[in-house]
Amino acid sequence: MARYIHLTDLHYWSLVCNPLRMLNKRALGTLNLLIRRRHQIKTERAAGLITLFQEMDIDAFLIGGDLTTTATEEEFRQAADFLGRLTMLAPVYLVAGNHDVYTFESKRKERLEKYCQYWLPDEDTAAIDRLPGDVPLLRIPTVRPNLLSSRGSFQQDAATSLQTCLSEQQSQPMIVLAHYPFLPQTAAYHLGLNRGLGNGTTLRRILGGSEQPLLYLAGHVHVFSHTRDPEHPNLEQVTTRALFYAKKDRPGGFTEIQAAGAQFSVYPWVYRDGWQREALSSP
Ligand SMILES: [Fe+2]
Ligand SMILES: [Fe+2]
């Protein structure tokens with residue numbers, strides 16, 4: 001049996017006080033942060049979490065992006081420090097979230113790559129790795145910078161590389177890691193036009209058409225959900241809680257996946273006065 005941890009939406013944050021650096025979308029983000037996120041994102045839980053992971057015998061960490069809140073140097077420094085500590089325990093596999101390319105400036109300066117290159121795929125296309133325990137991991141890029149919205153993007157070159165990856169794997173059960181869910185809504189969330197994945201229907205059609213059993217792990221919505229695609233029974237989608245969140249209706253958490261042969265078992269974890277493992281989830 002192999003044990004993987006899916007964690008996502010860490011949203012490390014820092015306040016930008018220089019007004020010249022706030023002449024962009026970060027002004028909105030910083031204001032939002034001042035008002036709400038300061039009290040809702042408890043990154044101080046990181047130390048206790050590392051201790052918990054040390055006791056769990058973990059084979060790999062799968063990280064769904066949104067490491068930062070407004071993609072500043074300071075936020076990336078904190079996030080990279082945390083990923084470094086995870087790497088001492090097990091290999092770390094990362095995909096970008098929309099907050100990691102929050103402004104066009106952060107994208108142009110390649111801040112994500114500067115701090116996190118080691119954990120990202122070599123190219124910004126769909127890519128396959130083999131996890132410890134011999135389970136294939138497919139990583140799919142789904143983000144781009146936006147002026148105002150938090151909409152994702154599944155682009156043509158990603159679609160082409162994804163089809164190549166799937167054709168090479170020949171119906172072996174696989175884990176898929178991306179930031180955006182491909183389902184626009186489930187019982188647990190509803191993504192409007194501004195927050196959803198552009199071209200998500202194409203992604204869903206390609207994954208569904210492969211007929212391979214796929215466990216798709218996403219973040220972005222900050223709630224746990226586990227859904228079988230009603231149109232493509234080979235697709236199971238899991239969304240995981242935002243790691244350090246402390247909202248009443250959206251507590252923080254992560255997801256544990258146990259892989260035994262061709263079987264994946266999904267256990268959500270939640271933070272309620274401490275980290276707690278919930279019951280085995282089924283879609
Ligand atoms: Fe997020
Ligand atoms: Fe996001």
Side-chain angles (χ1 to χ4, degrees), residues 6-14 25-26 28-33 35-43 45-46 61-72 75-76 78-79 82-83 94-104 106-107 111-112 116 119-120 124 139-155 158 176-186 188-200 203 216-225 237-247 249-255 268-271:
H6 179 232
L7 54 91
T8 186
D9 296 82
L10 292 71
H11 286 293
Y12 274 97
W13 57 272
S14 62
K25 186 176 170 188
R26 189 169 296 135
L28 289 174
T30 303
L31 198 63
N32 183 28
L33 189 66
I35 296 167
R36 296 190 293 124
R37 294 217 161 163
R38 246 187 138 151
H39 304 290
Q40 294 171 347
I41 301 170
K42 304 282 187 192
T43 53
R45 288 180 192 157
F61 293 99
L62 315 176
I63 316 248
D66 278 1
L67 299 174
T68 70
T69 300
T70 60
T72 62
E75 289 169 1
F76 273 118
Q78 294 181 53
F82 181 69
L83 296 195
L94 172 67
V95 290
N98 54 307
H99 281 262
D100 303 322
V101 293
Y102 195 68
T103 58
F104 289 94
S106 63
K107 175 74 179 164
R111 227 169 254 149
L112 170 66
C116 300
W119 301 291
L120 288 166
D124 196 23
R139 283 184 281 180
I140 302 177
T142 55
V143 302
R144 59 157 188 209
N146 283 300
L147 210 49
L148 287 172
S149 79
S150 51
R151 190 164 164 77
S153 168
F154 177 63
Q155 294 177 349
V176 183
L177 181 65
H179 182 64
Y180 283 81
F182 65 84
L183 292 172
Q185 68 181 94
T186 67
Y189 68 82
H190 179 89
L191 286 169
L193 254 193
N194 267 339
R195 287 178 60 226
L197 177 60
N199 242 346
L203 173 58
Y216 184 101
L217 307 177
H220 188 64
V221 290
H222 302 172
V223 290
F224 176 79
S225 68
Q237 178 188 275
V238 168
T239 63
T240 288
R241 296 176 168 115
L243 186 63
F244 298 125
Y245 254 38
K247 291 184 179 182
D249 57 337
R250 290 187 180 186
F254 59 90
T255 304
W269 282 71
V270 66
Y271 190 94

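Residue numbers count from 1 along this sequence. Both ligands and their constituent atoms are indexed starting at 1 by order of listing.
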- Message: Just to verify, what does H99 make a ring pair (Phe, Tyr, Trp, His ring centres under 6.0 Å) with, not counting sequence neighbours?
- Response: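 H99 satisfies ring pair (Phe, Tyr, Trp, His ring centres under 6.0 Å) with H11, Y102 only.
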- With sequence neighbours left out, what residues match S225 under side-chain hydrogen bond (donor to acceptor under 3.5 Å, both in side chains)?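 Applying side-chain hydrogen bond (donor to acceptor under 3.5 Å, both in side chains) to S225 gives T239.
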- State the count of protein N/O/S atoms located less than 2.8 Å away from the Fe ion (ligand 1).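 For the Fe ion (ligand 1), protein nitrogen, oxygen or sulfur atoms under 2.8 Å: 4.
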- Task: Give, for atom CG of L203 and atom CZ of F154, the distance between the pair rounded to the nearest 0.5 Å.
- Result: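 Going from the CG atom of L203 to the CZ atom of F154 covers 4.5 Å.
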- Query: Of L7, V95, L120, L177, which is the lone residue that meets side-chain contact (heavy atoms from CB on, under 4.5 Å) with I63?
  - Reply: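 Exactly one pass, corresponding to L7.
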- Task: Among the N/O/S atoms of H179, select the one at the shortest distance from the Fe ion (ligand 2) and name it.
- Result: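 Nearest N/O/S atom of H179: NE2.
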- Task: With sequence neighbours left out, write down each residue that passes side chain to side chain contact (heavy atoms under 4.5 Å, CB included) with K247, or none if nothing qualifies.
- Result: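 Checked K247 against side chain to side chain contact (heavy atoms under 4.5 Å, CB included); matches are R36, Q40, Y245, D249, R250.
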- Message: Ring centroids only, cut at 6.0 angstrom: are Y271 and F244 within range, meaning strictly under it?
- Response: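 Between F244 and Y271, which both carry aromatic rings, the centre distance is not below 6.0 Å.
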